**Student:** 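Let me begin by handing over the structure; questions about it come next.
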Amino acid sequence: MTVVVVGAGQAGVQAADSLRSAGYDDRIILLSDESRAPYQRPPLSKDLLVGQEKLSPLPLRTESFFASGNIELRLESRVESIDRRRKLVHLADEVIEYTYLVLATGSQTRRLVLDGHHPSVARIHYLRTFDDAVRLSQSLKNCREAVVVGGGFIGLEFAAVAVRRGIEVTVVTPGARALRRTLSEEMSSWVVDWHRAQGTRFLLNHRVVSVEPVDETTIDGRLLATTSEDTVLEADLMVVGIGADPDLELASAAGLAVDDGIVVDETLRTSDPHIFAIGDCARVLGREQHGTRHESVQNASDQGKHVARSILGEQEAYEAVPWFWTIQGPHKIQIAGLMDAAVKSRRIEGAHQERFSLLHFDADDTLVAVESLNSAADHMAARKLLRPERRPLRWQEVDDPDFTLKGWSKRASSSAEARAVV
Ligand code: FAD
């Protein structure tokens with residue numbers, strides 16, 4: 001038996017690792033189209049840009065891990081197509097046979113398109129790969145002013161680092177508030193206020209409509225960005241963080257079901273029983289009507305673990321609690337659960353002003369998500385108590401003035417244990 005994994009990011013590497021740890025001892029081939037050993041992406045918009053002279057990627061596993069686990073990691077090995085009938089993947093100069101195929105192709109950064117074209121300006125940056133971060137880091141050395149396009153996590157993480165380096169930052173975002181897709185209004189206001197206090201300027205309800213070089217004779221110099229509200233910004237560089245799209249190229253060409261993600265069932269199997277999909281590129285059809293697709297380390301890593309069990313014959317449904325974190329300057333924001341169904345929230349204060357958690361409840365008064373600011377203990381407790389097998393926390397239970405998530409979680413698990421003993 002041979003398991004071929006396409007993509008050696010967080011999800012693909014975890015799948016290979018978990019297969020080996022579970023005792024699978026046949027061939028595992030891990031194919032990556034990148035030239036570097038697998039590395040972590042989160043630092044690319046955070047610590048890595050803070051100002052070290054020589055950047056190095058943070059590896060996903062040690063150098064010896066792949067050889068010692070007998071995992072055949074092949075770099076610069078792009079899969080070009082899948083022959084499902086004969087169970088083969090085609091690379092530029094090689095064909096590999098699989099018993100099971102795992103697609104872990106991740107997502108692709110959305111590029112800025114204005115009037116149907118990518119602007120012809122050299123100093124536009126994106127953040128997806130280590131090479132992107134190296135290029136940006138070099139440009140930051142001579143940068144005084146930067147424009148961030150998009151008010152999401154990556155753009156704001158960059159803004160926090162840039163301001164710390166003495167750079168003037170303007171964030172241009174089409175929404176009425178930044179971080180509106182991922183954080184509640186209360187938490188995003190807190191984060192934006194913090195950024196403003198550091199000196200970052202926000203142009204809300206603005207879109208960038210044109211980007212041109214200041215000096216028309218060269219595309220390498222400073223740039224001029226004009227917004228939909230006719231604000232003109234001159235800057236040394238622009239960072240674009242307008243989201244990512246699942247990489248569906250291989251799956252679509254192979255005729256697998258796709259719908260803003262490679263569609264998989266609860267065991268992470270695609271419409272072909274010999275092919276699985278995990279991580280950023282997969283949409284899991286579960287209890288939610290349209291299924292769920294997440295772009296996070298937790299999702300990639302938990303699906304990597306789960307797919308190994310599915311390949312080895314388990315039929316268990318994937319239902320890990322989703323969680324995510326972002327670092328905004330000195331602050332860590334963590335989110336556990338899904339906020340889609342939330343209709344009301346309660347705030348629990350921490351020991352000081354820059355530490356609190358927001359508990360979000362649905363229309364049935366059941367806790368569905370927790371956002372925590374600098375409150376790792378609340379976040380960890382939330383991840384436990386949001387598990388489907390746990391008794392749900394109700395809105396009324398938070399009324400107790402001494403309520404803490406950790407305390408409630410402990411009490412709930414000990415009373416469940418007591419019931420189990422009886
Ligand atoms: P990827 O890591 O994208 O890996 C997919 C790999 O497959 C890539 O190497 C790709 O080149 C390769 N590939 C694609 N097609 C082929 C092919 N045909 N043949 C061979 N190889 C192929 N998440 C958090 O939870 N917290 C954070 O703070 C956070 N910060 C982030 C900051 C940045 C700058 C970025 C870019 C992401 C961040 N994320 C964060 C998201 C998180 O890193 C991703 O969700 C996660 O890495 C997804 O893992 P993956 O394995 O699904 O995809």
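In this text, all values refer to a predicted model and were calculated from it rather than measured experimentally. Start at 1 and go down the list; that is how both ligands and their atoms are numbered.
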**Student:** Return yes or no for this condition: an N or O of Ser32 is under 3.5 Å from an N or O of ligand 1.
**Tutor:** no
**Student:** Taking both backbone and side-chain atoms of Ser45, is any N or O found less than 3.5 Å from an N or O belonging to ligand 1?
**Tutor:** no
**Student:** Using the ring centroid of each side chain, check whether Trp190 and His331 are separated by less than 6.0 Å.
**Tutor:** yes
**Student:** So is Thr326 polar-close to ligand 1, meaning N/O to N/O under 3.5 Å?
**Tutor:** no
**Student:** Testing Ile275, Val6, Val5, Leu88 for side-chain contact (heavy atoms from CB on, under 4.5 Å) with Tyr98, which one passes?
**Tutor:** Ile275
**Student:** Closest heavy-atom contact between Gly329 and Trp194?
**Tutor:** CA-CH2, 3.6 Å
**Student:** Below 3.5 angstrom, do we get any N/O pair linking Arg128 and ligand 1?
**Tutor:** yes
**Student:** Compute the shortest N/O to N/O distance between Lys46 and ligand 1 and return yes if it is under 3.5 Å, no if not.
**Tutor:** yes
**Student:** Are any of the N or O atoms of Ala11 closer than 3.5 Å to those of ligand 1?
**Tutor:** yes
**Student:** Can you list everything that forms a ring-ring contact (aromatic ring centres under 6.0 Å, His included) with Phe324? Sequence neighbours excluded, please.
**Tutor:** Phe153
**Student:** Test of understanding: given a 4.0 Å heavy-atom threshold, classify the contact between Ser77 and ligand 1 as side chain, backbone, both, or neither.
**Tutor:** backbone
**Student:** For atom 2 (O) of ligand 1, what is the nearest protein heavy atom, given as residue, atom name and distance?
**Tutor:** Arg41 NE, 2.8 Å
**Student:** Whether Glu295 and Arg41 form a salt bridge (side-chain N of Lys/Arg under 4.0 Å from carboxylate O of Asp/Glu) is what I want to check.
**Tutor:** no
**Student:** Say whether Val79, considering both its backbone and side-chain N or O atoms, lies within less than 3.5 Å of an N or O atom on ligand 1.
**Tutor:** yes
**Student:** Does ligand 1 come near enough to Val297 that some N or O of the ligand is less than 3.5 Å from an N or O of the residue?
**Tutor:** yes
**Student:** Answer yes or no on whether Arg61 is positioned over the face of Phe66, meaning its NZ or CZ is under 6.0 Å from the six-membered ring centre and within 45° of the axis.
**Tutor:** no
